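Below is one structure, written out as structure tokens; the observations come after it.
All of these numbers come straight from a predicted model, not from anything done at the bench.
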Amino acid sequence: QLETVRYANESLLDIWVIVALDLPLLEKCKEQWKHCVLDPIISQEEGMGQEHAYNAFRGGTGSKLAYTRVCWRRVELVSYAIRQGINVIYTDVDVAWMRDPRGFLRPDVDFQMAPTRVNKQFNRTDPRTYAVVGPINGGFYSMRATNQTARLMLEWLKVGHRFLHAQKEPFHEGHGIGEALSITIAATGLKFWYLDPLYLPGDSLMFQNACASAIFHAAPGSGTGFKSTRMLQKLHDSQRCTAADRLSQSAEEGSMDAVLEEKLLLASASSPDRRTVILSVYDNHQRAVLEAQRQSIDHLSVAAGSAPSKSWLARCLELWTRCLLDLRLRGLDPASPKFRWRRMEVIATALALNLSVIYCAPNVLWLQDPRPELEVTP
């Protein structure tokens, strides 16, 4: 995991905390990571100095009960951080980071997590429509410190307490998050979001594209040696992808509308009011205009563009903060009605997300920032 994090963004190590369950691991951690701490509670419990696997009850390594105890201890530690007012991104140790996933997180959501399996009724705001089989995988999630998430952690731990004391089949934390989410959403209105499975898949049982995925969660139930090999192989595959490959393959294999929504939300998060997006829709023959416009408004914090070719996209990525290859524009004449109506669809998508839009045609130069001159109606 350390090698993948260094590749994704080495500055992440400044804010990454590793919790060790025994002293040998703590010493090993200190050799490579900046922030390491020994868990004062679970490190004292019997058998924590050896490997325990999820599939222990089917003949895997160690004890399923010990594995379950560690799973719920992770929830306790995240809960402690949330109560201290600290936002948390939690990741399992068998999650490889090919790119910094923070750029794919929504800023307006209390709790968002990577899905494992999805069905035809998949609704990214409703955890009840999520899994075809099995529990929700808690291997990667992001949580803002809010009253709603504090309540979620309380409900989650209540479920865990009930599971751990049932003395029947041990359950890990993924079996309990669905129930806790349903209770909390009904009681507090917590904002929940499943992350795009194309970019942030929950585990390796899902299709994973090395050029699109920001993370890779190694196969559940396999040993640590096998997982390490898989993680490094996925990192190697990712290193061979170009920036244009990443976005174009993402758009081709995922829902174009979902990709567009993600880009608009991320772009608006960079604006001063966190809800306005500056939008331009280009065609492949306007590359020179793209460069001229960029030179005149390089002080702007956010830009979103759509383009029909990889070469255009590659140049756009060198100049702009946000770029999108809109495959529905590929091969269309810029003067055609279809191209013009697609431009309106892009604007309508932003409005449907409750975002404000400043639309700028490609041949319009900004000599200064016009936003202070715009009249805003409350």
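- Taking OG1 of T184 as the reference point, atom CE of M153 lies at 10.0 Å (rounded to 0.5 Å).
- Between atom NZ of residue K28 and atom CG of residue L23 there is a gap of 15.5 Å, rounded to the nearest 0.5 Å.
- Salt-bridge check for K191 with D108: failed, with every basic side-chain N at 4.0 Å or more from each acidic carboxylate O.
- One finds the OG1 atom of T188 at 5.0 Å from the CD atom of Q148 (value rounded to the nearest 0.5 Å).
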Under the side chain to side chain contact (heavy atoms under 4.5 Å, CB included) criterion, do Y359 and R343 qualify, and how do the steps go?
CA-CA 10 Å; Y359 177 76; R343 180 175 61 192; 2.8 Å; yes
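- Contact of the S238 side chain with the Y7 side chain is registered, since non-hydrogen atoms from C-beta on lie closer than 4.5 Å.
- Comment: R162 engages E179 in a salt bridge, judged by a side-chain N to carboxylate O separation of less than 4.0 angstrom.
- Partners of W33 according to the ring-ring contact (aromatic ring centres under 6.0 Å, His included) rule, which considers only residues two or more places apart in sequence or in another chain, are W16.
- Test Q1, K227, R230 against D94 for side-chain hydrogen bond (donor to acceptor under 3.5 Å, both in side chains) and you get one pass: K227.
- In this structure, the side chains of W97 and T91 come closer than 4.5 Å at one or more pairs of heavy atoms.
- Under the 30°/60° scheme for interplanar angles, the aromatic rings of F111 and F192 are found to be tilted.
- With rounding to the nearest 0.5 Å, the separation of CZ in R151 from CG in L190 is 10.5 Å.
- Residues R144 and V109 have side chains not in contact (no heavy-atom distance under 4.5 Å, counting atoms from C-beta outward).
- Y90 has its side chain within reach of R74: a pair of non-hydrogen atoms, C-beta onward, lies under 4.5 Å apart.
- Clustering ILVMFWY residues whenever any of their side-chain heavy atoms sit less than 4.5 angstrom apart, transitively, puts L25 in a cluster other than the one holding V17.
- In this structure, CG in L195 is found 9.0 Å from CE in M113, a value given to the nearest 0.5 Å.
- The side-chain contact (heavy atoms from CB on, under 4.5 Å) search around N9 returns S11, L12, D100, R102, not counting sequence neighbours.
- You'll find the side chain of L181 reaches within 4.5 Å of the side chain of L152, heavy atoms only.
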List the steps and the verdict of side chain to side chain contact (heavy atoms under 4.5 Å, CB included) for M143 and D110.
CA-CA 6 Å; M143 188 177 295; D110 297 312; over 6 Å; no
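- Here the CG-CD distance, from L232 to E3, works out to 7.5 Å after rounding to the nearest 0.5 Å.
- Here the side chain of H217 pairs no donor or acceptor atom with the backbone of G139 at under 3.5 angstrom.
- Around atom CG of N147, no more than 12 heavy atoms belonging to other residues, nucleotides or ligands sit under 6.0 Å away.
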